[in-house]
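See below for the structure under consideration.
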Amino acid sequence: QVQLVESGGGLVQAGGSLRLSCEASGRTFTTRGLGWFRQAPGKERDFVATISGSGSVLYTDSVKGRFTISRDNAKNTVDLQMNSLKPEDTAVYYCAARNERGSYYSTSRDPAQYAYWGQGTQVTVSS
């Protein structure tokens, strides 16, 4: 069975940093895109960042210059380094893996293109 498990969430002050990590097991995702989404209470699950199997990256505008997504194919993991955190970054963060037939090269912000999801990790940024 496929499992994606996020870690690294917590409570930080505005301007601080956190590094989220997602470890996948049960299947190798080295050729597939991996992404991060987030969901604040009462809101839709929003795209944050993704990295393709080939290493192409895409970020939502609000996190550009602050967040960095990376992957380690040897470990089957994807990380999200979050710097200069803002209170509006507060949300549950989910990692996700692309569908089996997803492109090796292209990135997608569409959650429908992601077949596997973690349970989420809470990130809270205080003001």
Side-chain angles (χ1 to χ4, degrees):
Q1 57 182 9
V2 176
Q3 298 280 345
L4 276 68
V5 180
E6 304 94 338
S7 63
L11 173 64
V12 298
Q13 294 183 334
S17 298
L18 284 174
R19 187 176 183 89
L20 305 183
S21 183
C22 175
E23 299 183 9
S25 62
R27 188 169 301 181
T28 299
F29 295 100
T30 56
T31 63
R32 301 193 205 178
L34 298 169
W36 288 93
F37 294 75
R38 64 188 181 187
Q39 186 169 21
K43 295 188 176 181
E44 298 290 328
R45 187 171 298 185
D46 294 329
F47 169 78
V48 177
T50 189
I51 182 167
S52 75
S54 66
S56 298
V57 298
L58 178 68
Y59 300 94
T60 193
D61 286 345
S62 64
V63 308
K64 288 180 179 177
R66 300 189 297 121
F67 291 10
T68 302
I69 189 170
S70 61
R71 67 190 297 159
D72 186 336
N73 287 339
K75 297 179 180 179
N76 214 26
T77 61
V78 58
D79 288 359
L80 185 69
Q81 178 66 46
M82 304 185 294
N83 299 326
S84 302
L85 283 162
K86 304 175 180 179
E88 50 262 47
D89 295 317
T90 295
V92 176
Y93 283 69
Y94 301 87
C95 68
R98 290 279 296 274
N99 294 332
E100 288 83 352
R101 295 188 295 179
S103 173
Y104 176 71
Y105 302 100
S106 65
T107 55
S108 177
R109 62 174 67 239
D110 182 3
Q113 301 302 311
Y114 294 81
Y116 306 98
W117 295 82
Q119 292 298 304
T121 185
Q122 178 70 48
V123 171
T124 302
V125 184
S126 65
S127 60

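Fair warning: this is a prediction, and the values are worked out from it, not measured in the lab. In what follows, every heavy atom counts, from backbone to side chain, and hydrogens, waters and symmetry copies are set aside.
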Decide whether Gln122 and Thr124 meet the rule of one side-chain donor and one side-chain acceptor closer than 3.5 Å.
yes
Ignoring hydrogens and geometry, is there a side-chain-to-backbone donor-acceptor pair from Asp46 to Arg38 under 3.5 Å?
no
Which atom pair, heavy atoms only, marks the closest approach of Ser108 to Tyr114?
O-OH, 2.6 Å
Distance check, rounded to the nearest 0.5 Å: Ser7 atom OG versus Arg19 atom CZ?
10.5 Å
Glu88 atom CD, over 12 foreign heavy atoms within 6.0 Å
yes
When rounded to the nearest 0.5 angstrom, what is the spacing between SG in Cys22 and CZ in Arg71?
10.5 Å
Which atom pair, heavy atoms only, marks the closest approach of Gln39 to Lys43?
NE2-O, 3.0 Å
Going by chain and number, the hydrophobic cluster around Tyr93 (ILVMFWY, side chain to side chain under 4.5 Å) further includes Val2, Leu4, Val12, Leu18, Leu20, Phe29, Leu34, Trp36, Val48, Ile51, Val57, Tyr59, Val63, Phe67, Ile69, Val78, Leu80, Met82, Leu85, Tyr116, Val123, Val125
Write down the atom of Arg27, the atom of Arg32, and the distance for their closest heavy-atom approach.
CD-NH2, 3.3 Å
Any heavy-atom pair between the side chains of Ser103 and Gln113 that's under 4.5 Å?
no
Going by atom types only, do Thr30 and Thr28 share a side-chain donor-acceptor pair under 3.5 Å?
no
Measure across Phe37 and Arg109 and return the closest heavy-atom pair with its distance rounded to 0.1 Å.
CE2-O, 3.8 Å
Output for pair (Asp89 CG, Ser62 OG), nearest 0.5 Å, gives 7.0 Å
Heavy atoms only: give me the nearest Ser127-Pro87 pair and the separation to one decimal.
CB-CG, 4.0 Å
Here the pair of heavy atoms bringing Ser84 nearest to Arg66 is O-NH1, 3.0 Å
Just checking, any donor-acceptor pair under 3.5 angstrom between side chains of Gln81 and Asp79?
no
How is the hydrophobic cluster of Tyr104 composed, in terms of its other members, when Ile, Leu, Val, Met, Phe, Trp and Tyr link through side-chain heavy atoms under 4.5 Å apart, directly or indirectly?
Tyr105
